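For reference, the structure is listed below as structure tokens.
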2 protein chains.
Amino acid sequence: MVAQRDGDREFGRLLQGLASEMNLLGHDFAAAQGLHATDVQALLAVLRATDPPGITPGGLRAELGLTSGAVTAVLDRLERAGHVHRTRDAADRRQVHVHYHPDAARLAFDWFTPVAHCTDRVRSEFRAEEVATVVRFLTRMTEELERLRQDRRERQPR
Amino acid sequence: MVAQRDGDREFGRLLQGLASEMNLLGHDFAAAQGLHATDVQALLAVLRATDPPGITPGGLRAELGLTSGAVTAVLDRLERAGHVHRTRDAADRRQVHVHYHPDAARLAFDWFTPVAHCTDRVRSEFRAEEVATVVRFLTRMTEELERLRQDRRERQPR
DNA sequence: TCGAGATCTCTCAATCATTGAGATATCCTC
DNA sequence: GAGGATATCTCAATGATTGAGAGATCTCGA
């Protein structure tokens with residue numbers, strides 16, 4: 001009754017549903033903080049970027065799919081609200097690095113703690129090797145989607 | 001060196017990264033179709049809703065985290081562009097059902113076919129029981145996040 | 001060393017998506 | 001029926017996003 005095709009379809013739907021649910025969490029956080037959805041996405045991207053130098057506006061542009069003007073506006077808002085601050089790169093003074101303010105990190109951390117508990121709870125339902133499988137899947141899936149986007153961008157540069 | 005805490009953190013980051021990547025696919029589709037990111041999210045939600053009666057504006061409101069005014073605007077745009085159409089429920093004439101136009105479905109289907117291939121490719125790297133594990137994980141994760149959001153909404157109704 | 005081109009960020013005006021309150025129509029229950 | 005609840009839409013105000021272009025800095029070849 002449930003053919004391979006249906007399985008695939010269900011699979012995609014599952015992924016979409018999860019992504020959508022995570023988006024909504026962002027919306028809720030935004031509403032709770034008096035921020036806008038885009039600002040939250042940007043803030044999370046900044047928090048996620050632990051590579052020492054932080055993330056640049058250009059990186060955010062790529063990560064959020066916004067134009068440069070929009071990124072500047074987002075960062076202005078976040079900076080005005082005290083969540084992040086900008087520093088110029090000493091080596092390449094064209095570049096700007098965005099850093100989060102520790103308080104912003106704590107705020108986000110506190111708010112997302114219940115979410116982390118959710119993750120833990122689900123995680124604890126799986127055996128270690130199953131978790132490893134899931135991690136492998138998530139990693140591969142992300143890689144493949146990244147590659148797909150990159151390919152498309154190269155094939156259609158404008 | 002990598003403690004449990006770090007593992008958790010990495011796990012959340014993985015999920016976020018995947019969700020973000022899927023979001024970007026939406027952005028790309030939007031750009032390709034001359035739509036806006038929100039419109040695409042809405043269109044996908046409509047396509048995803050296969051429960052026979054379709055989805056209502058209220059359902060979209062919940063699914064996209066928008067206000068009623070915004071949903072009306074989104075649907076106006078999608079309807080004007082010929083992607084969806086609205087019908088009134090015969091039994092409850094307050095309600096509206098949103099249906100996609102077959103051409104819109106085909107358009108989205110064609111565009112997302114390479115994405116489906118991505119999913120298939122990754123999927124084929126896993127044994128059947130591993131796929132089952134991943135499906136179980138995705139399902140549980142979505143359920144838990146849904147529940148978390150619901151709990152929060154009930155605790156803080158306004 | 002200099003200059004052309006590339007890269008990164010920001011500015012600014014125009015556009016248009018979103019909010020939020022309220023209007024309208026319909027349903028449900030007493 | 002009347003009152004309250006529910007679902008959607010309207011509309012003015014707000015402000016986020018776009019897109020072109022300016023400014024500053026770097027890179028590399030002549």
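All of these numbers come straight from a predicted model, not from anything done at the bench. The sequence lines fix the lettering, A, B, ..., with proteins before strands; numbering per chain opens at 1. Side-chain atoms are counted along with the backbone in the values below, which use heavy atoms only and exclude waters and symmetry mates.
- Here C/dT18 presents its C1' atom at 16 Å from CG of A/Leu35, a figure rounded to the nearest Å.
- Contacts of B/Glu143 classified as salt bridge (Lys or Arg N to Asp or Glu O under 4.0 Å), with partners at least two apart in sequence or in another chain: B/Arg140.
- In terms of the side chain to side chain contact (heavy atoms under 4.5 Å, CB included) criterion, residue partners of B/Arg94 (sequence neighbours excluded) are, by chain and number, B/Asp92.
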Report summary line: Scoring nucleotides 12-25 of chain D by protein non-hydrogen atoms under 4.0 Å (B base, S sugar-phosphate only, - none) yields ----SBBBB----B
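- Within the structure, the salt bridge (Lys or Arg N to Asp or Glu O under 4.0 Å) test picks out the following pairs touching residues 59-72 of chain A (sequence neighbours left out): A/Arg48-A/Glu63.
- Atoms CG and CG, from A/Leu148 and B/Leu25 in turn, are 6.0 Å apart once rounded to the nearest 0.5 Å.
- As judged by a 4.0 angstrom heavy-atom cut-off over every strand, A/Arg61 is placed among residues making no nucleic acid contact.
- Between C/dC8 and A/Thr56, no contact under 4.0 Å exists linking OP1 or OP2 to a side-chain N or O.
- Comparing the local axis fitted to the first five base pairs of the helix from C/dT1-D/dA30 to C/dC30-D/dG1 with the one fitted to its last five gives a bend of 30°, rounded to 10°.
- For B/Thr87, the side-chain hydrogen bond (donor to acceptor under 3.5 Å, both in side chains) partners two or more places apart in sequence, or in a different chain, are B/His99.
- Residue B/Asp76 contributes atom CG, which lies 15 Å from atom P of C/dC16 at whole-angstrom precision.
- Protein atom CD of A/Gln95 is 10 Å distant from nucleotide atom P of D/dC26, rounded to whole Å.
- Residues meeting the side chain to side chain contact (heavy atoms under 4.5 Å, CB included) test with A/Val96, sequence neighbours left out: A/Pro57, A/Arg86, A/Arg88.
- Atom CZ of A/Arg86 and atom C1' of C/dC8 are 13 Å apart (whole Å).
- Using the six-membered ring where Trp is involved, B/Phe11 and B/Phe137 have ring planes that are perpendicular, over 60° apart on the 30 and 60° scheme.
- Here salt bridge (Lys or Arg N to Asp or Glu O under 4.0 Å) pairs that include residues 29-38 of chain A, with residues two or more places apart or in two chains, number zero.
- Between the CG atom of B/Asp89 and the C1' atom of C/dC27 there is a distance of 11 Å, rounded to whole Å.
- Considering only residues two or more places apart in sequence or on other chains, B/Arg127 meets the salt bridge (Lys or Arg N to Asp or Glu O under 4.0 Å) condition with B/Glu129, B/Glu130.
- In this structure, the CD1 atom of B/Ile55 is 15 Å from the C1' atom of D/dT8, given to the nearest Å.
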